[in-house]
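All remarks here apply to the structure that follows.
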Amino acid sequence: MPLHVPPAPAPALRSVLAALGSPTAVREARTPALRSAQGPLSPELPLPVHVLERIGPNGLAPATRLAGWRFLIRSSEQAVAAADTMLTPDGWAFSHFFEGPYIASTELALRQAETVTPHCQPRLLSIPELYMLALWLHGDIEADASGGALAPADLLIPLAPAPPGIAAHRPHRVADLLRVMTLRITPGPGPLLGSPA
């Protein structure tokens, strides 16, 4: 059973198609694989990118916000780059092309997700405090992809490279991984009074 990939906003897709059709945008991109790709390039697997804005031991529920949409750019049989879009006052607009380890890692995590829990809505979750990106498998397949909170039973698959102490490509329930992430970003106790700083 395939994953329930949400449809991207039409203007976001149009902006990526326009950028792919622009020799200037492709030539100026810092993506050698994109510039040297043979044959047609197509944007596929649109994923909403959410940012985890609040995490910590203060008892507040973690908050997320939609930051953009990411499309994998496919040439022949493989993804060679990705394109990000962002919301501007005028609507969705192309942001940039990029390549690197997250491209293959995203594809691998999506294949994992199909075997672990195909009845979900895949999203990307950026955790800036840990310089971490994860595939977020949201349990509500009917949810609006632009909103929604992390549910304790949702799954997160950290993408490689993952921060030290967090295994990449190992599915975690949100509640379990949030505990680990909270420990990672919680500052340790300060120096004792009278001790050197």
_Smallest separation among heavy atoms of Ala25 and Ala19, with atom names_ = CB-O, 3.5 Å
*With a 4.5 Å limit on heavy-atom distance, are the side chains of Arg74 and Glu107 in contact?*
yes
*asked:* Quick one: does any side-chain atom of Thr88 pair with a main-chain N or O of Asp90 as donor and acceptor, under 3.5 Å?
replied: yes
_Val51 and Leu124, any side-chain heavy atoms less than 4.5 Å apart_ = no
_What I'd like to find out is whether the side chain of Leu133 reaches to under 4.5 Å of the side chain of Arg70, using heavy atoms alone._
yes
_Heavy-atom closest contact (Pro128 atom, Ser126 atom, distance)_ = CD-O, 3.3 Å
_Sole residue of Leu155, Val174, Asp154, Leu125 in side-chain contact (heavy atoms from CB on, under 4.5 Å) with His138_ = Asp154
*Give the minimum heavy-atom separation between Gln121 and Ala145, together with the two atoms involved.*
OE1-CA, 3.8 Å
_For Ile157, run the side-chain contact (heavy atoms from CB on, under 4.5 Å) check against Leu110, Leu137, Leu108 and tell me which one passes._
Leu137
_Using 0.5 Å steps for rounding, measure from the NE2 atom of His172 to the CZ atom of Arg179._
12.0 Å
*Which residues satisfy the salt bridge (Lys or Arg N to Asp or Glu O under 4.0 Å) test with Glu77, sequence neighbours excluded?*
none
*Carefully, step by step, assess Met181 and Leu177 under the rule side chain to side chain contact (heavy atoms under 4.5 Å, CB included).*
CA-CA 6 Å; Met181 292 190 298; Leu177 191 55; 4.2 Å; yes
_Please check: side-chain N/O of Arg123 versus main-chain N/O of Pro48, any donor-acceptor pairing under 3.5 Å?_
no
*Tracing side-chain links under 4.5 Å among I, L, V, M, F, W and Y, which residues wind up in one group with Leu20?*
Leu13, Val16, Leu17, Val26, Leu34, Leu41, Leu66, Trp69, Phe71, Ile73, Val80, Leu87, Trp92, Phe94, Phe97
*asked:* Distance check, rounded to the nearest 0.5 Å: Thr64 atom OG1 versus His50 atom NE2?
replied: 6.0 Å
*Kindly indicate, with the supporting measurements, whether the criterion side chain to side chain contact (heavy atoms under 4.5 Å, CB included) is fulfilled by Glu53 and Glu129.*
CA-CA 9 Å; Glu53 293 192 307; Glu129 291 171 290; over 6 Å; no
*What heavy-atom pair brings Pro101 and Pro161 nearest, and what distance separates the two atoms?*
CG-CD, 3.8 Å
*Which is it for Leu156 and Leu135 under the side chain to side chain contact (heavy atoms under 4.5 Å, CB included) test, yes or no, and what are the steps along the way?*
CA-CA 6 Å; Leu156 294 175; Leu135 183 65; over 6 Å; no
*For Ala18, does its backbone N or O pair with a side-chain atom of Ser22 as donor and acceptor, under 3.5 Å?*
no
*Does the pair Trp136 and Leu150 meet the rule for a side chain to side chain contact (heavy atoms under 4.5 Å, CB included), with working shown?*
CA-CA 9 Å; Trp136 171 12; Leu150 287 166; 3.4 Å; yes
*Does Ser42 reach the main-chain N or O of Ser75 with its side chain, forming a donor-acceptor pair under 3.5 Å?*
no
*How many angstroms lie between atom OG1 of Thr106 and atom CZ of Arg111, to the nearest 0.5 angstrom?*
10.5 Å
*Using 4.0 Å as the upper bound for N to carboxylate O, is an ion pair formed by Arg35 and Glu99?*
no
*Supply the atom-to-atom distance Leu159 CG to His169 NE2, rounded to the nearest 0.5 angstrom.*
6.0 Å
*Same apolar cluster: Val49 and Met86, side chain cutoff 4.5 Å*: no
*Minimum-distance pair of heavy atoms, taken over all atoms of Gln38 and Ser76*: O-OG, 4.3 Å
*Could you tell me whether the side chain of Pro43 reaches within less than 4.5 Å of the side chain of Leu72, counting heavy atoms only?*
no
*asked:* Quick check: closest heavy atoms across Pro122 and Leu47, and the distance to 0.1 Å?
replied: O-CD2, 3.6 Å
